[in-house]
Amino acid sequence: MRIDVVSIFPGYFDALELSLLGKAKQRGLIDVRVHDLRDAAHDKHRTVDDTPTGGGAGMVMKPEPWGEMLDGILAEAGNSAGAAADAEPGAAGDPLIIFPSPAGEVFTQRMARELAHEQHLVFGCGRYEGIDQRVFDEYAARGRVRLVSIGDYVLNGGEVATIAMIEAIGRLLPGVVGNPESLVEESHEEDGLLEYPSYTKPAEWRDRAVPPVLLSGNHAAIESWRREQRIERTRRVRPELLPRELRGESRGRHAAE
Ligand code: SAM
């Protein structure tokens, strides 16, 4: 997968050199290219923002640097959106441009799985009050654009949101995580339940014992205990995630205890 990132703080993305994603980069599984938006700002101060038209607080990112930078990336990638104005918008294999935004659709594990099938993602990191709306409109008219939020809170910029998305998507790419089975058992995967609590050795630590069932060697009992834990944890922490068919399961048992 190729990933281009545009930001006025390229240094944020040094974090992608670490750990599993860093190794995936070294092994050529992910090709991440980070671009400094200011390289497309040509005045003395390399200005990328201006006051909001119509008034209001803060500054808005100017469309011209974004246009130059994104045109360059799309043209270099040799795709229809960048190469020709009359090309079919959204043709298969075209880059998908993602603008992190608190006003976007919410990023989920399901979306991560969907995006892991893309060949080329471009992330445009906003700062200040965000990016001039015409940038979104321009590239949505020429190809595929999504505004994506990583949660209902406001960050200072799109960099941290982009890193979160790249990590969630990247670890789903074949070969990035050593044991693919570990991806299946996680929270938000498969049946949407949260993961069960995990333990390792020693069997007792500071008078806290590992639940005896995990030491029993009885795989059916362990599986059943873990499922129960998943349901209970989901019910307690994120009841809205509990599938309808599970809403009655295990509650009766606990009520009787
Ligand atoms: N004025 C914008 C609004 O109210 O929607 C918020 C701008 S925010 C201060 C600056 C940038 O941070 C945004 O353009 C976006 O790139 C990023 N950002 C902030 N919160 C985010 C979130 N929850 N998810 C994704 N990106 C976010």
Side-chain angles (χ1 to χ4, degrees), residues 2-13 16 32-91 94-108 111 114-115 118 120-166 169:
R2 173 168 167 181
I3 299 176
D4 286 270
V5 181
V6 182
S7 163
I8 58 169
F9 294 115
Y12 266 96
F13 299 93
L16 297 177
V32 183
R33 306 177 192 194
V34 182
H35 310 265
D36 186 343
L37 181 67
R38 290 195 195 277
D39 290 344
H42 303 295
D43 63 311
K44 197 169 118 199
H45 301 290
R46 305 173 81 206
T47 310
V48 295
D49 60 317
D50 208 333
T51 52
T53 304
M59 300 294 272
V60 176
M61 293 190 108
K62 293 156 62 68
E64 300 95 325
W66 278 105
E68 183 179 318
M69 183 58 76
L70 291 174
D71 283 354
I73 291 169
L74 298 179
E76 193 273 323
N79 64 83
S80 57
D86 60 352
E88 180 93 0
D94 276 357
L96 170 63
I97 306 181
I98 296 175
F99 291 103
S101 165
E105 52 185 317
V106 177
F107 186 73
T108 59
M111 195 191 292
E114 191 190 316
L115 296 178
E118 294 284 340
H120 186 183
L121 297 174
V122 179
F123 288 90
C125 304
R127 279 268 151 184
Y128 315 111
E129 291 306 319
I131 303 171
D132 187 302
Q133 176 65 33
R134 291 168 293 180
V135 175
F136 309 138
D137 298 343
E138 165 77 5
Y139 292 95
R142 288 167 52 180
R144 295 180 301 144
V145 167
R146 286 173 87 162
L147 268 62
V148 181
S149 166
I150 62 160
D152 293 339
Y153 43 82
V154 180
L155 302 164
N156 285 335
E159 289 76 11
V160 168
T162 294
I163 291 172
M165 287 189 265
I166 291 176
I169 297 163

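Predicted model, so just to flag it, every value in this text is computed and none were measured.
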Could you state the interatomic distance from CG (Leu74) to CE (Met69), rounded to the nearest 0.5 Å?
11.5 Å
Least distance between heavy atoms, His42 atom then Asp39 atom
CE1-O, 3.5 Å
Salt bridge or not for Asp94 and Arg142, using N-O below 4.0 Å?
no
Would you indicate whether the side-chain heavy atoms of Leu147 and Val145 approach each other to under 4.5 Å?
yes
So, the side chain of Tyr139 versus the backbone of Gly67: is there a donor-acceptor pair under 3.5 Å, distance only?
yes
Verdict with reasoning, Arg2 to Glu76, per salt bridge (charged side-chain N to carboxylate O under 4.0 Å, His left out)
CA-CA 12 Å; Arg2 173 168 167 181; Glu76 193 273 323; 2.7 Å; yes
Here the gap from Arg146 atom CZ to Phe123 atom CZ, rounded to the nearest 0.5 Å, amounts to 10.5 Å
Is any side-chain heavy atom of Leu70 closer than 4.5 Å to a side-chain heavy atom of Glu138?
no
Can you name the nearest heavy-atom pair linking Pro100 to Thr162, along with the distance?
CG-OG1, 3.2 Å
Interatomic distance, Lys62 atom NZ to Asp43 atom CG [nearest 0.5 angstrom]
7.5 Å
When rounded to the nearest 0.5 angstrom, what is the spacing between OG in Ser101 and CG in Leu155?
10.5 Å
State, with a plain yes or no, whether a side-chain heavy atom of Val34 is found less than 4.5 Å away from one of Tyr12.
no
Arg134 and Asp132: salt bridge (charged side-chain N to carboxylate O under 4.0 Å, His left out), yes or no, with the steps?
CA-CA 5 Å; Arg134 291 168 293 180; Asp132 187 302; 2.7 Å; yes
Okay, side chain of Thr47, backbone of Asp49: is any donor-acceptor separation there less than 3.5 Å?
no
I need the His120 NE2 to Ile97 CD1 distance, nearest 0.5 Å.
8.5 Å
Rounded to the nearest 0.5 Å, how far apart are SG of Cys125 and CG of Asn156?
13.0 Å
With a 4.5 Å heavy-atom cut-off, do Asp36 and Arg46 have their side chains touching?
yes
Note: Gly124 and Phe99 closest approach over all heavy atoms is O-CD2, 3.5 Å
Correct closest heavy-atom pair for Val148 and Met165 would be CG1-SD, 3.7 Å
Are Pro52 and Glu129 close enough that some pair of their side-chain heavy atoms sits under 4.5 Å apart?
no
Would you indicate whether the side-chain heavy atoms of Ile163 and Phe13 approach each other to under 4.5 Å?
yes
Taking Ile98 as the fixed residue, which of Ile166, Val122, Leu115 is the one that meets the side chain to side chain contact (heavy atoms under 4.5 Å, CB included) rule?
Leu115
Does the side chain of Arg127 come within less than 4.5 Å of Glu159's, by heavy atoms?
yes
Worked verdict on Met111 versus Thr108 for side chain to side chain contact (heavy atoms under 4.5 Å, CB included):
CA-CA 5 Å; Met111 195 191 292; Thr108 59; 3.7 Å; yes
Could you pull out all residues at least two apart from Asp152 that satisfy side chain to side chain donor-acceptor pair (under 3.5 Å)?
none
